[in-house]
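Mind having a look at this structure? Questions to follow.
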Amino acid sequence: MTTVGLLYPGHSGEDDYPRIEALLTGVNVPLVHTDIGEDAHRLDALLEMGAPGRLSAGVEELRLSGAESVVWACTSGSFVYGWEGAHEQIRALALAAGLPASSTSFGFVHAVREVGAGRVAVAATYPEDVTELFARFLKDAGVEVVASRAAGVITAAEVATWAPERVVEFVRAADHPAAEAVLVPDTALHTVGCLPELEAAVGKPVLTANQVTVWEGLRLAERRGAWSTELGALFARKE
């Protein structure tokens with residue numbers, strides 16, 4: 001059994017994680033909710049959400065769960081710090097947890113490389129300015145963003161209400177012919193139940209935040225063999 005510990009802000013799309021756990025053999029995904037503060041996709045609120053004190057408060061519970069790695073399961077609450085600041089954030093988290101640590105933002109960078117994509121389209125539920133910060137983070141990682149679409153949603157609570165059909169249509173609209181993958185960066189968005197439909201809609205890998213978060217934790221735990229036909233190209237069996 002491989003145990004990936006997650007720190008998740010508030011309550012919105014976290015029921016995606018038991019779905020992933022059920023689809024993967026020998027994987028345990030305990031989750032600790034962090035204090036979200038103000039639920040707002042706004043720079044000051046996101047910086048506060050990802051502050052070291054908020055993250056370190058949950059690490060002892062994850063250690064007791066037997067976690068082999070810890071992931072800050074929040075994209076916007078990590079990339080808003082910028083490339084260097086996001087590195088500092090996970091270094092502090094690793095020190096507090098005494099375990100390998102990462103965040104969903106870095107999970108996207110590693111997952112893009114895993115599926116062999118160099119050019120991506122971004123389908124973000126965030127406002128335009130926050131979406132631009134994610135695109136800048138990706139560019140700093142050497143990932144070319146050929147298109148991005150921002151839905152302008154302010155709260156995670158609203159994002160969590162999106163039906164699968166709306167998610168599929170949004171991803172299809174955000175795709176670009178030059179993109180080799182489409183990235184969907186909000187962990188408040190339910191995507192695990194429709195990953196096959198998302199990839200069928202655009203005909204290429206679709207990387208979504210909750211999917212990428214668990215994959216990143218497994219990568220840190222050196223469990224690279226977990227696979228499922230229901231979790232998209234990222235979790236496809238490698239022959």
Can you give the donor-acceptor pairs under 3.5 Å from side chains of residues 134-142 to other protein atoms, not counting sequence neighbours?
none

Legend entry - D186 CG to T131 OG1 distance, which is reported to the nearest 0.5 Å: 9.5 Å
Inset, instruction - Could you tell me which residues satisfy salt bridge (Lys or Arg N to Asp or Glu O under 4.0 Å) with R119, sequence neighbours excluded, listed by chain and number? - result: E180
Legend entry - Of all pairs that satisfy ring-ring contact (aromatic ring centres under 6.0 Å, His included), the ones with a partner from residues 175-207, not counting sequence neighbours: none
May I have the list of side-chain donor-acceptor pairs in residues 71-98 shorter than 3.5 Å, sequence neighbours left out?
unit_1	atom_1	unit_2	atom_2	d
W72	NE1	G77	O	3.2
T75	OG1	P185	O	2.4
S78	OG	C74	O	2.8
S78	OG	T75	O	2.8
S78	OG	S105	OG	2.6
Y81	OH	L47	O	2.4
Y81	OH	G50	O	3.4
Y81	OH	A51	N	3.4
H87	ND1	W83	O	2.9
E88	OE2	R91	NH2	2.6
Q89	NE2	G50	O	3.0
Q89	NE2	G77	O	2.9

Inset, instruction - Could you grab the distance from atom OG of S69 to atom CZ of R223, nearest 0.5 Å is fine? - result: 11.5 Å
Inset, instruction - Would you please name every residue forming a side-chain contact (heavy atoms from CB on, under 4.5 Å) with E222, sequence neighbours left out? - result: none
Inset, instruction - Could you tell me which residues satisfy side-chain hydrogen bond (donor to acceptor under 3.5 Å, both in side chains) with E199, sequence neighbours excluded, listed by chain and number? - result: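 Partners of E199 under the side-chain hydrogen bond (donor to acceptor under 3.5 Å, both in side chains) test: none.
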Legend entry - Side-chain donor/acceptor of H33 to backbone N/O of G10, under 3.5 Å: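 Confirmed, H33 side chain pairs with G10 backbone.
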Legend entry - With sequence neighbours excluded, residues passing side-chain hydrogen bond (donor to acceptor under 3.5 Å, both in side chains) with E144: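 With sequence neighbours excluded, E144 shows a side-chain hydrogen bond (donor to acceptor under 3.5 Å, both in side chains) to no residue whatsoever.
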Inset, instruction - Apply side-chain hydrogen bond (donor to acceptor under 3.5 Å, both in side chains) to Y8 and list each qualifying residue two or more places apart in sequence or on a separate chain. - result: S12
Inset, instruction - Please report the shortest heavy-atom distance between A45 and A40, naming the atom on each side. - result: CB-O, 3.6 Å
Inset, instruction - List the steps and the verdict of side chain to side chain contact (heavy atoms under 4.5 Å, CB included) for D16 and T191. - result: CA-CA 7 Å; D16 264 3; T191 58; 3.8 Å; yes
Extract all donor-acceptor atom pairs below 3.5 Å that involve side chains of residues 150-162 and protein atoms in other chains or at least two apart in sequence.
unit_1	atom_1	unit_2	atom_2	d
T155	OG1	E158	N	3.1
T161	OG1	E158	O	2.6

Inset, instruction - Using a strict cut-off of less than 4.0 Å between a Lys/Arg side-chain nitrogen and an Asp/Glu carboxylate oxygen, indicate whether E169 and R166 qualify as a salt bridge. - result: no
Inset, instruction - Compare every heavy atom of K204 with every heavy atom of P177, then report the nearest pair and how far apart it is. - result: O-NZ, 4.3 Å
Legend entry - Electrostatic pair R54:E48 at N-O distance under 4.0 angstrom: yes
Inset, instruction - Enter the distance from E38:CD to D44:CG here, rounded to the nearest 0.5 Å. - result: 6.5 Å
Inset, instruction - Could you tell me which non-hydrogen atom of L24 sits nearest to which non-hydrogen atom of S228, and how far apart they are? - result: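 Taking every non-hydrogen atom into account, CD2-CB, 4.0 Å.
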Inset, instruction - Tell me, please, which residues at least two apart from D15 pass salt bridge (Lys or Arg N to Asp or Glu O under 4.0 Å). - result: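 Applying salt bridge (Lys or Arg N to Asp or Glu O under 4.0 Å) to D15 gives none.
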Legend entry - Set of residues satisfying salt bridge (Lys or Arg N to Asp or Glu O under 4.0 Å) with respect to D39, sequence neighbours excluded: none
Inset, instruction - Could you tell me whether R149 and D175 make a salt bridge, using a distance below 4.0 angstrom between a side-chain N and a carboxylate O? - result: no
Inset, instruction - Name all residues meeting the side-chain hydrogen bond (donor to acceptor under 3.5 Å, both in side chains) criterion together with E60; count only those two or more places apart in sequence or in a different chain, and write none if there are none. - result: R63
